[in-house]
Amino acid sequence: MDSNNTPALERHYTSREAAKLIGFTTSSLRNMRLVNKGPRWIVTADGTIRYPESALRDYLNGVAA
C-alpha cells in the first residue's frame, strides 16, 4: 500500500482547544452554537462537541476577510 495515497485523518478540537485557537472563551463558542453561528461543529457519539480543524480554518479565514 502506498502511504502517499492514503488520506490523512483530520484533527478535531475540543471546545476549550478551539476557543483558545480562535481567541474566544468556551462560553462564547457555546453561545454561538446556540444561535447557529461560529465555526462548524460536530457532536460525537458520546455527546461531546468537537470542532474539525478545517472548520476552524474556514471560520478564521472568514473573520479575517
Side-chain angles (χ1 to χ4, degrees):
M1 174 186 264
D2 185 7
S3 63
N4 292 332
N5 293 331
T6 306
L9 294 176
E10 181 175 22
R11 179 170 180 192
H12 287 72
Y13 293 87
T14 64
S15 292
R16 179 177 286 155
E17 293 169 329
K20 186 175 180 180
L21 282 171
I22 62 176
F24 289 127
T25 64
T26 54
S27 297
S28 295
L29 279 179
R30 183 185 63 243
N31 290 337
M32 287 191 287
R33 283 196 312 269
L34 292 173
V35 294
N36 290 321
K37 294 192 178 187
R40 181 175 46 87
W41 70 90
I42 63 167
V43 180
T44 64
D46 65 356
T48 58
I49 303 292
R50 293 291 185 263
Y51 292 88
E53 186 172 11
S54 60
L56 296 174
R57 191 177 303 118
D58 291 345
Y59 181 76
L60 287 172
N61 286 337
V63 170

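For the numbers below, each heavy atom of this structure counts, side chains included, while hydrogens, waters and symmetry mates do not.
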Engineer: How would you list, by chain and number, every residue that makes a salt bridge (Lys or Arg N to Asp or Glu O under 4.0 Å) with R50, sequence neighbours excluded?
Structural biologist: none

Engineer: Find the distance between CE (M32) and OG (S27) and round it off to the nearest 0.5 Å.
Structural biologist: 11.0 Å

Engineer: Which residue in the set T25, T26, N31 passes side-chain hydrogen bond (donor to acceptor under 3.5 Å, both in side chains) when paired with S28?
Structural biologist: T25

Engineer: Please identify each residue that fulfils side chain to side chain donor-acceptor pair (under 3.5 Å) with R11, with sequence neighbours left out.
Structural biologist: E17

Engineer: Could you note down all residue pairs passing salt bridge (Lys or Arg N to Asp or Glu O under 4.0 Å) where residues 24-44 supplies at least one of them, sequence neighbours left out?
Structural biologist: none

Engineer: Is there a chain of hydrophobic side chains (I, L, V, M, F, W, Y, each step under 4.5 Å between heavy atoms) that links L34 to I42?
Structural biologist: no

Engineer: What closest approach, in Å, do P39 and A55 show between heavy atoms, and which atom pair accounts for it?
Structural biologist: CB-O, 4.0 Å

Engineer: Let's go through L29 and W41 carefully: what are the C-alpha distance in whole Å and the side-chain angles of both, what is the deciding distance for side-chain contact (heavy atoms from CB on, under 4.5 Å) to 0.1 Å, and is it a yes or a no?
Structural biologist: CA-CA 10 Å; L29 279 179; W41 70 90; over 6 Å; no

Engineer: Is there a path of hydrophobic side-chain contacts, each under 4.5 Å between heavy atoms, that joins V35 and I49?
Structural biologist: no

Engineer: Who are the side chain to side chain donor-acceptor pair (under 3.5 Å) partners of T48, not counting sequence neighbours?
Structural biologist: T44, D46

Engineer: Holding to side chain to side chain donor-acceptor pair (under 3.5 Å), I want the full list of residues that pass it with N36, two or more places apart in sequence or in another chain.
Structural biologist: none

Engineer: Measure the spacing between CZ of R57 and CG of L21 and express it to the nearest 0.5 Å.
Structural biologist: 11.0 Å

Engineer: To check you understand the geometry: which heavy-atom pair defines the closest contact between A18 and Y51, and what is its length?
Structural biologist: CB-CD1, 3.6 Å

